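Data block below; observations after.
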There are 2 protein chains.
Amino acid sequence: MPTSIKENYLKALHFLSLQSGVVSLTELGNAMEVSKPTVNDMVKKLAARGWVKHERYQPIQLTSEGHKAAALVIRKHRLSELFLYQVMGFGWEEVHDIAEEMEHIKSELFFQRMDEMLRFPVFDPHGSPIPDKAGNMVTPTYQLLSQISSPCRVALKAIRNSGTDFLKYLNEKNLQLGTELEISSIESFDGSISVSYGHCEQLVMSHSVSSLLWVEVIL
Amino acid sequence: MPTSIKENYLKALHFLSLQSGVVSLTELGNAMEVSKPTVNDMVKKLAARGWVKHERYQPIQLTSEGHKAAALVIRKHRLSELFLYQVMGFGWEEVHDIAEEMEHIKSELFFQRMDEMLRFPVFDPHGSPIPDKAGNMVTPTYQLLSQISSPCRVALKAIRNSGTDFLKYLNEKNLQLGTELEISSIESFDGSISVSYGHCEQLVMSHSVSSLLWVEVIL
DNA sequence: AAATAAAGTTAGATATGTCTAACTTTGAAG
DNA sequence: CTTCAAAGTTAGACATATCTAACTTTATTT
Ligand SMILES: [Mn+2]
Ligand SMILES: [Mn+2]
Ligand SMILES: [Mn+2]
Ligand SMILES: [Mn+2]
């Protein structure tokens, strides 16, 4: 039985693993906002439960069991987000914080029923994939808007950061999942991008914004 | 900030207070299934936070702050039960255990929205009153079926025990809130009661069943 | 290769929630 | 009014999750 704190460590490990597959104690400590001894202790406990592999002074790695355990927590989180959005009528900018609590509910029945009501959904309100009951999730091959190098047409597919402030900014700008953007120019100096879409003639996005948007190029 | 364990102590104190207004350490320990030193320690902490009044060797009493705090947890529990029942389609026998987890979610927004969706309900699926945001709840004047002394007609208004097994028993017998029962005879020897209702010609209820059913006499 | 910074570990402490064993107070019976 | 069981308390322990300060190992830089 993962306690909710351990579940949070597992989630952090999952996301930090996405780059290189391994995670340093320091990285994990920063992500969890705890000291190095704390994370060191916790890693020993996670290793004892078979969720991570760890040899002294070496970087940490999630085991396949650990990956599955993490995916099942992420599943609960994202199902909750979609439920809050679709069934309860919350805005996409409100759901993350509530889901952060709901994801620790143990009742399998609860999430089972949510899954049914939502017709076994595959994406959450921010466009992130929802793992299935086995912990498997699709891995869409989107590009970051900031990585597009020449003018073209793209569709907004997912948001990398589901913090309230950023999503409120997108609301103001009328940017939603599915919105099609015409990229008119890319400023190589600071990486800012000029786009037009819907009723918006021109919006200049800084690199820090465009690097949080996953898009798909439209042929 | 009550931790979820303290919230459970508050709830237990609330229910144990209903009889005499005061609670012994031993009673509270039995209800929470913890040892006397554990409950003794906890009571000191609850007293330090102003939720209970306690002098050495004396029985415990919830303060008005404690009563309110308890009522707000009960509010979350009962709102959750009704939400699970009404919106998510769970049976009344399934909702208690899930609500036991949901009641500890901190997000006010979540329960706010639930309250709105349910149109500010006053009773949960077991007929228990839902406290309002101030912690006030109606106190219906029902009688226990076991307290009825002579044959008459009553309506089932609330269930005293929301455990799965008892509610499944009621499901089997087709007994629901609102069901009208004709009491045909009362056996003074063992307190068993003969009732008829709907398509059921005769059901003999033991005292242990009839003492879990709140009813209202129909003129 | 030596010096040094970064990363990781150990030691010792604190807070919360729990336990058992032993002791004290209270109150009910005799 | 003594006796004694029940109720309550204290002492000392353990598990979990956290901290700071100090130490060790690894890796990078000169
Ligand atoms: Mn989220
Ligand atoms: Mn999301
Ligand atoms: Mn309940
Ligand atoms: Mn109920």
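Predicted, not measured: the structure shown is a model, and the values here were computed from it. The sequence lines fix the lettering, A, B, ..., with proteins before strands; numbering per chain opens at 1.
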Rounding to 0.5 Å, atoms CG (A/L118) and CG (A/L82) come to a distance of 5.0 Å

Please determine whether a side-chain nitrogen of the Lys or Arg among A/R78 and A/E81 lies less than 4.0 Å from a carboxylate oxygen of the Asp or Glu. no

Pull out every residue in residues 52-61 of chain A that has a heavy atom closer than 4.0 Å to any atom of DNA chain C, ordered by number, or say none. A/H54, A/R56, A/Y57

How many angstroms lie between atom CD of A/Q147 and atom OG of A/S210, to the nearest 0.5 angstrom? 9.5 Å

Can you see whether A/H54 engages A/Q58 through a side-chain donor-acceptor pair at a distance of less than 3.5 angstrom? no

A correct 5'-to-3' footprint of nucleotides 11-20 of chain C, with B, S and - meaning base, sugar-phosphate only and no protein heavy atom under 4.0 Å, is B----SBBBB

Under 3.5 Å, is there a donor on one side chain and an acceptor on the other for A/S24 and A/T26? no

Just say parallel, tilted or perpendicular for the rings of A/W214 and A/Y142, cut-offs at 30° and 60°. tilted

Among A/E101, A/E103, A/H104, A/E7, whose side chain to side chain donor-acceptor pair (under 3.5 Å) with A/H77 holds? A/E103

Report the distance from atom NZ of B/K44 to atom C1' of D/dA11, rounded to the nearest whole Å. 11 Å

Could you state the atom-to-atom distance from CG of B/L25 to P of C/dG27 in whole Å? 14 Å

Going by atom types alone, do B/W92 and B/D124 pair a side-chain donor with an acceptor below 3.5 Å? no

B/N30 CG - D/dG8 P separation (whole Å): 10 Å

